[in-house]
Undergrad: 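Here it is, the structure, as structure tokens.
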Amino acid sequence: MAALTTYPPSPAKPITAITTISEFPRNPKTLILQQSRNARDLNQIHAHLIKTRLVHSPAVMENLLESAVILLPNTMGYANSIFRHIDEPDSSAYNVMIRGLIYKKSDHDAIVLFKKMRENSVRPDEFTFPSILKACSRLGALHEGEQIHAQIMKCGFSSNGFIQNTLIHMYARCGELEVARHVFDGISQKDVCTWNSMLAGYAKNENWEEVVKLFREMKKSGTGFDEVTMISVLTACGRLSDLELGQWISEYIEANGLKGNLALITSLIDMYAKCGQVDTARGLFNQMDQRDVIAWSAMISGYSQANRCREALDLFHEMQKTNVEPNEVTMVSVLYSCSVLGALETGKWVHFYIKKKKMKLTVTLGTALVDFYAKCGSIDGSIEVFNKMPLTNVFSWTALIHGLACNGQGKMALEYFQEMREKNIHPNDVTFIGVLSACSHAGLVNEGRKIFNSMSRDFSIEPRIEHYGCMVDILGRAGLIEEAYEFIMNMPTQPNSVVWRTLLASCRAHKNVKIGVESFKQIIMSEPAHSGDYILLSNIYASGGRLEDALRVRNQMKEKGIRKAPGCSLIELDGEIYEFFAEDNICPYSKEVYSATEDMMRQIKSAGYVANVADARLDAEEDDKEASVSHHSEKLAIAFGLIRTPPGTTIRISKNLRVCTDCHNATKIISKVFKREIVVRDRNRFHHFKEGSCSCNDYW
DNA sequence: GTAGGGTTAG
């Protein structure tokens, strides 16, 4: 380094950056980094180094190289040209280049350069391996990682702590948790990074129990832990709903004044939200003095996972007032919220925004879009997005198949399932739920039976209770009530109330009193207080002409104090979501809504509508029953839609319960009288009402 | 000069 202390004076045509230096630092890297601001500076320094022959000093050139890597964004071009001019690059020069490539996320190029280094017989040193292993981790390149591991042993670096820690990380990120653990267990002197690498490895593989278990061991070992440790553990607490440990860490953070760590607080917010403490999470979020896109996304997803989707969208709007730009991850939660709320217009705007910002249509984002359009009853939108996705996986195909099935396009769903098979994408258990419900909607009984039987035989997927439920729906919907009953009785697992309720609904549609009563008995053994079941049974009796029994069931329900869950319907107009509750007259526009509803009911009555008072609430006085039925949330929302949207446009409603018989009947007539297509999403499926009939063929 | 970290889909 002697040459540097006699660093020559500035050239004749001064370079401001250098001439202003009164005393030359001993370390040329400091000099170059401090003085260079852009490519021009670097060029001038480079020229200067040539003049002063310092270009032949590998150490100086490495520092120039490093500056080039850090200062020039998005390109390694200049760094490459410097590297090429180094006479015989040693391992340090290669290290700088490899680090640079990794810094620029060119992991693949880093591995190529490493291979070249070996070809040129340059021995990697202890600093080479951690970097190159990082590239392998990020690429999930297990094969390369293993070869590098062998070289580490050959070079005698296998007890280097840095290298061991990166090896753990590499194996874990490539899914080889046992190998990672083996390396971990073999380390006698474990430092915080050793533990953190293993913890992060378990976390990345979603092995949350092991994260918590290992953290307890870590505490016992006396190593101590840091913020990085807590981030992995908090993530695990969220997934496991382990609020106790999460809170312990939360208190530790508070006590040690660590609230300034953005990543740490974000994982704390995520933990609280996933443990059901969304308001606590929001409190922390509000206290943050800086929030990046991940913090915003975590809070938005927190609301959406807690089923507080309106608040998720409100927060997204708040975010847009800041200068933090949302990313694909943010959009996934936003779209999910739109799909829960049935907010088609808002979601469409989000889709437009995604396109405008040229966001990458990742598999996750694409799948969220496919699911969103399907859940908003716009299946054409789903198909369009799906066809544009550059990459699809089993999630995306499942979303599409399920979406088609729910929207009454069973046959098309099965065609896509066939295509998926041809593309060698392996269906999983969830895919089969979509496929079986497609059979149900399309009335394909034999096809359904075949697919059900093929699950374990051809795909090694054991049917779960949900799949049995789908089979019951297929048989019941087709009117094969006895067979459905037998099917339940012969199930290898204990049928649950959901399965029996499916059969109960079939009995209502096919007027089978005997099995309906039996199904009801089975349900109330485990779930005695579900109002919908009493109503279904009462309707079954009524349709079989047994009005006294129907009334008895209703009274039973009243005696047991089982109240009908309050119905709630949503309609979105101009991106604004309006919420209606049955017989709700406290909302600010209720006067307008009630007069519109009365007008609507008057018009459909003259077209032949007769109220079905069996659907009225129980405590309504006899002569108020008709009014009670006419004030169901769904009718209020439709009436509001009729007066607030242009003639001929589609009205879209989402509701929390199943559609009741009276509303179903009324909506059919409304669609005809007012010449409107009406799409209603109930808690199970879609009803596309058009010209007096419904896509569900009166079975739901 | 080298290692470990936060948000997302069916």
Side-chain angles (χ1 to χ4, degrees), chain A residues 27 29 59 62-63 65-66 91-93 95-96 98-100 102 124-134 137 157 160-170 172-173 191-201 203-204 225-235 238 261-271 273-274 291-302 304-305 326-336 339 362-372 374-375 389 392-403 427-434:
Chain A
N27 181 349
K29 182 190 168 189
E62 277 163 32
N63 289 316
L65 195 53
E66 191 145 21
S91 63
S92 325
N95 290 349
V96 175
I98 290 171
R99 265 206 308 280
I102 291 169
D125 61 23
E126 56 175 323
F127 301 113
T128 318
F129 289 115
S131 309
I132 199 66
L133 283 172
K134 188 176 186 170
S137 306
F157 288 126
N160 176 299
F162 274 99
I163 294 174
Q164 287 172 321
N165 294 347
T166 341
L167 271 174
I168 294 171
H169 185 236
M170 184 277 293
R173 286 296 284 260
D191 61 14
V192 181
C193 270
T194 316
W195 290 91
N196 287 351
S197 302
M198 197 63 232
L199 286 168
K204 272 283 170 300
F225 57 87
D226 66 4
E227 283 118 303
V228 180
T229 322
M230 289 187 276
I231 290 169
S232 293
V233 180
L234 282 171
T235 310
N261 184 326
L262 187 58
L264 182 59
I265 299 307
T266 305
S267 61
L268 193 57
I269 287 173
D270 178 60
M271 182 280 294
K274 288 202 169 67
R291 304 178 190 96
D292 64 1
V293 59
I294 307 184
W296 280 98
S297 307
M299 194 62 236
I300 291 171
S301 106
S304 71
Q305 287 172 17
N327 64 15
E328 298 94 54
V329 181
T330 325
M331 294 327 217
V332 170
S333 297
V334 171
L335 283 166
Y336 173 80
S339 63
T362 57
V363 191
T364 320
L365 181 57
T367 305
L369 275 165
V370 169
D371 189 52
F372 151 74
K375 290 223 168 81
M389 283 172 68
T392 53
N393 64 10
V394 60
F395 279 73
S396 3
W397 286 86
T398 304
L400 183 67
I401 290 169
H402 197 263
N428 62 22
D429 53 340
V430 186
T431 316
F432 279 104
I433 292 175

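Throughout, a chain's letter reflects where its sequence line sits, starting with A, and its residues are numbered from 1.
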Undergrad: Out of B:dT7, B:dG6, B:dA9, which nucleotide sits closest to the side chain of A:Ala298?
TA: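 Among the listed nucleotides, the one closest to the side chain of A:Ala298 is B:dT7.
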
Undergrad: Under 4.0 Å, heavy atoms only, any strand: does A:Val96 hit a base, just the sugar-phosphate, or nothing?
TA: nothing

Undergrad: Side-chain donor or acceptor of A:Asn428 under 3.5 Å from a matching atom on the base of B:dG10?
TA: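 Pair found.
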
Undergrad: Could you state the CG-P distance from A:Asn393 to B:dA9, rounded to the nearest angstrom?
TA: 13 Å

Undergrad: Identify which nucleotide among B:dT2, B:dG5, B:dA9 has an atom closest to any side-chain atom of A:Ser232, counting heavy atoms from C-beta outward.
TA: B:dG5

Undergrad: Could you give the CG-to-P distance, from A:Asp270 to B:dG5, as a whole number of Å?
TA: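 After rounding, the gap between these two atoms is 16 Å.
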
Undergrad: For A:Tyr336, which contact category applies under a 4.0 Å heavy-atom criterion: base, sugar-phosphate, or nothing?
TA: sugar-phosphate

Undergrad: Go through B:dG10, B:dG6, B:dG1 for me and flag the one nearest to the A:Ser92 side chain.
TA: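 Ranking B:dG10, B:dG6, B:dG1 by closest atom to the A:Ser92 side chain puts B:dG1 first.
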
Undergrad: Would you indicate what A:Ile269 reaches in the nucleic acid, counting non-hydrogen atoms under 4.0 angstrom: base, sugar-phosphate, or nothing?
TA: nothing

Undergrad: Have a look at A:Asp371 and say if it touches a base, only the backbone sugar-phosphate, or nothing, with a 4.0 Å heavy-atom cut-off.
TA: sugar-phosphate

Undergrad: With a 4.0 Å cutoff (strictly under), does any side-chain N or O of A:Lys204 reach OP1 or OP2 of B:dG6?
TA: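 For B:dG6, OP1/OP2 do have a side-chain N/O of A:Lys204 under 4.0 Å.
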
Undergrad: Quickly work out the A:Ile433 CD1 to B:dA9 P distance and round it to whole Å.
TA: 17 Å

Undergrad: Report which part of the nucleic acid A:Ala368 touches: base, sugar-phosphate, or nothing (heavy-atom distance under 4.0 Å, all strands).
TA: nothing

Undergrad: Does the side chain of A:Thr392 come within less than 4.5 Å of A:Trp397's, by heavy atoms?
TA: yes

Undergrad: Classify A:Asn160 by what it touches in the nucleic acid, base, sugar-phosphate, or nothing, heavy-atom distance under 4.0 Å.
TA: nothing

Undergrad: For the pair made of CE in A:Met299 and C1' in B:dT8, what is the distance, rounded to whole Å?
TA: 16 Å

Undergrad: Among B:dT7, B:dG6, B:dA3, which is the nearest nucleotide to the side chain of A:Thr266?
TA: B:dG6

Undergrad: Of the nucleotides B:dA3, B:dA9, B:dG10, which has the atom closest to the A:Pro130 side chain?
TA: B:dA3

Undergrad: In the structure I gave you, are the side-chain heavy atoms of A:Leu335 and A:Leu365 within less than 4.5 Å of one another anywhere?
TA: yes

Undergrad: Side chains of A:Asn165 and A:Asp191: closer than 4.5 Å at any heavy-atom pair?
TA: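 Yes. Closest side-chain heavy atoms under 4.5 Å.
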
Undergrad: For B:dG6, does the base pair up with any side-chain atom of A:Asp292 as donor and acceptor (N or O, under 3.5 Å, distance only)?
TA: yes

Undergrad: Among B:dA3, B:dG5, B:dT7, which nucleotide sits nearest the side chain of A:Ile231?
TA: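 Nearest to the side-chain atoms of A:Ile231, counting from C-beta on, is B:dG5.
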
Undergrad: Looking at the side chain of A:Phe127, which of B:dA9, B:dT2, B:dT8 is the nearest nucleotide?
TA: B:dT2

Undergrad: Nearest to the side chain of A:Asn327, which nucleotide is it out of B:dA3, B:dA9, B:dT7?
TA: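 Of the candidates, B:dT7 comes closest.
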
Undergrad: Taking any heavy-atom pair under 4.0 Å as a contact, classify A:Thr431: base, sugar-phosphate, or nothing.
TA: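 Base contact - A:Thr431 has a heavy atom under 4.0 Å of at least one base atom.
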
Undergrad: Would you indicate what A:His169 reaches in the nucleic acid, counting non-hydrogen atoms under 4.0 angstrom: base, sugar-phosphate, or nothing?
TA: sugar-phosphate

Undergrad: Out of B:dA9, B:dG10, B:dG6, which has the shortest distance to the side chain of A:Ala399?
TA: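 Per side-chain heavy atoms of A:Ala399, the pick is B:dG10.
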
Undergrad: From B:dG5, B:dG10, B:dT8, pick the nucleotide closest to the side chain of A:Arg173?
TA: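 The closest nucleotide is B:dG5.
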
Undergrad: What I'd like to find out is whether the side chain of A:Leu264 reaches to under 4.5 Å of the side chain of A:Leu234, using heavy atoms alone.
TA: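 They are in contact (side-chain heavy atoms under 4.5 Å apart), so the answer is yes.
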
Undergrad: Quick one: A:Lys274 NZ to B:dT8 P, roughly how many Å, whole number?
TA: 4 Å

Undergrad: Distance check needed: B:dG10 C1' versus A:Met389 CE, whole Å only.
TA: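 Distance check: A:Met389 CE to B:dG10 C1' gives 11 Å.
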
Undergrad: Is the shortest heavy-atom distance from the side chain of A:Val370 to the side chain of A:Met389 under 4.5 Å?
TA: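 With C-beta onward as the side chain, the pair touches.
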
Undergrad: Under 4.0 Å, heavy atoms only, any strand: does A:Val192 hit a base, just the sugar-phosphate, or nothing?
TA: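 Since a base atom lies under 4.0 Å of A:Val192, the category is base.
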
Undergrad: Can you find a pair of side-chain heavy atoms, one from A:Thr166 and one from A:Met170, that are under 4.5 Å apart?
TA: no

Undergrad: A:Thr330 and A:Trp296: side-chain donor and acceptor closer than 3.5 Å?
TA: no

